[in-house]
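Index from 1, following the sequence.
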Amino acid sequence: MTEPLNTGSHDLPITDELAAFMRTGWADTRRSGVRALPIAPWAAKRRAALASRFPGERLVVPSGTLKVRSNDSDYRFRPHSAFSYLTGAGEPGDVLVIEPSGGATLYTRPRSPREEGQEFYRDRRYGEFWVGRRPDLAEAAELYQIDCAHLRELELKGPARVLRGVDAAVDAAVEPGGGDAELETFLSETRLVKDEWEVGELQAAVDATVRGFEDVVRAIPQALAHPRGERYLEGVFGLRSRLEGNAVGYDSIVASGAHACVLHWIRNDGRLDPADLLLLDAGVETGTLYTADVTRTLPLSGRFTPVQRQVYELVYEAQSAAISVLRPGVRFREFHLTAMRVICEGLHAWGLLKDSPDALMESGLYRRYTLCSSGHMLGLDVHDCARARAETYLDGVLEEGQVLTVEPGLYLQPDDLTLPEELRGLGVRIEDDLVITAHGARLMSAALPRHPDEVESWMSVLLG
């Protein structure tokens with residue numbers, strides 16, 4: 001059966017003469033010497049582990065589908081993280097099938113031949129003239145080191161476990177079974193511990209992010225003069241992310257002044273004031289879709305005021321204490337609790353909260369000023385492994401090879417009458433990415449200064 005073409009609302013009709021003319025006169029552009037992607041051997045190991053976990057079962061993992069932005073314009077496609085993890089491929093509509101024998105096939109939409117049909121020049125979603133060249137089946141098999149077949153050959157009748165909610169057509173073709181949720185959970189939990197290749201990709205993401213932060217600091221003088229200074233800096237970081245990676249790993253938070261008290265401020269439309277702090281939470285996503293997640297809170301003037309330094313130093317002390325407890329065998333929640341105890345001690349010492357730190361830890365009153373947890377797993381998703389069971393993640397213990405963020409913060413709302421006026425509207429977060437090692441943790445983002453004195457010196461050099 002021939003699929004209908006995805007033509008646009010203002011597509012012009014094609015005469016028989018033009019259709020015939022378009023089928024002839026093309027050079028052979030089949031590629032020779034295509035090399036396997038570096039991810040290929042690692043993806044093969046992951047598929048083998050998946051097949052071993054569900055022996056004798058058929059497993060279906062789609063890449064996902066294009067999503068309409070407006071009319072006949074789609075959002076830029078990003079495959080589902082589990083699909084990327086298992087294949088390294090990234091085309092919309094692809095489906096990975098692992099058979100009961102353990103063998104795997106990637107069903108894909110290959111490059112459309114020039115001599116067949118009109119897809120290559122008329123289809124706005126898949127046509128080569130519209131969106132670029134796709135690999136043919138032989139090229140895909142070489143790139144991904146997996147058996148490849150045309151998507152039209154995919155047959156989904158019969159029992160199977162399916163990663164649901166990714167491709168509606170796949171969901172509709174396979175009757176829901178009792179084991180789909182178990183498959184989703186395993187695909188999340190299997191990514192809790194990163195392999196050597198993944199750690200390398202995450203380090204590359206962090207290194208590019210460091211360069212992006214340097215770009216932002218250099219651009220502060222220009223951004224201060226712009227009515228949308230936050231957005232100016234967002235664009236500066238976005239340029240780095242597109243030059244060195246796929247894009248940003250999540251919407252950048254560029255929050256100046258009281259905007260820093262909004263945990264997920266992504267409007268980024270504010271004017272900058274040199275008297276304020278800038279909270280920058282951003283990460284480059286590599287071409288292989290691994291993302292960094294780093295936050296720095298910077299004085300737009302280049303130097304902290306005494307009150308700004310007071311708040312910053314408490315968050316710095318909390319983060320340093322949290323980092324110090326990271327090692328295999330420690331409960332995942334321990335670093336957060338360690339950071340929060342430091343926060344409680346500081347708030348008590350400032351006289352903001354009268355109860356003892358022990359009582360505050362019990363009552364949770366300190367959370368008025370901190371709100372959220374102090375870190376999460378990191379990988380293909382910025383909040384990686386989100387479908388993992390609590391007993392293996394949030395209530396689990398740290399293991400060598402896990403990559404996570406540590407990001408305590410204080411968010412002192414501008415309208416909070418429990419605060420002295422000089423503290424209102426200050427938001428400070430410091431976030432770093434770490435990999436758990438055999439005896440502790442390695443600070444992957446160590447190239448970015450954390451201590452306030454070091455931040456000021458670093459900014460001074462970049463600002464000239």
salt_bridge(Arg389, Glu189) N-O dist < 4.0 Å: yes
Note: Lys67-Asp74 ion pair, threshold 4.0 Å (strictly below): no
Using a strict threshold of under 4.0 Å (side-chain N to carboxylate O), is an ion pair present between Asp381 and Arg191? yes
Can you tell whether the side chains of Lys194 and Asp384 come within less than 4.0 Å, N to carboxylate O? yes
For the residue pair Trp265 and His259, does the interplanar ring angle fall in the parallel (under 30°), tilted (30 to 60°) or perpendicular (over 60°) class? parallel
Main-chain N/O of Phe213 paired to Arg218 side chain as donor or acceptor, under 3.5 Å: no
Whether Asp281 and Arg296 form a salt bridge (side-chain N of Lys/Arg under 4.0 Å from carboxylate O of Asp/Glu) is what I want to check. no
Do side-chain atoms of Asp293 reach the backbone of Gly283 as a donor and acceptor pair under 3.5 angstrom? no
Only counting residues at least two apart or in another chain, list the ones meeting side chain to side chain contact (heavy atoms under 4.5 Å, CB included) with Arg367. Thr370
Does the pair Arg30/Asp136 count as a salt bridge with the N-to-O cut at 4.0 Å? no
Donor-acceptor under 3.5 Å (Ser84 side chain, His80 main chain): no
If you measure from the Lys or Arg side-chain nitrogens to the Asp or Glu carboxylate oxygens, is any gap between Glu214 and Arg240 under 4.0 Å? no
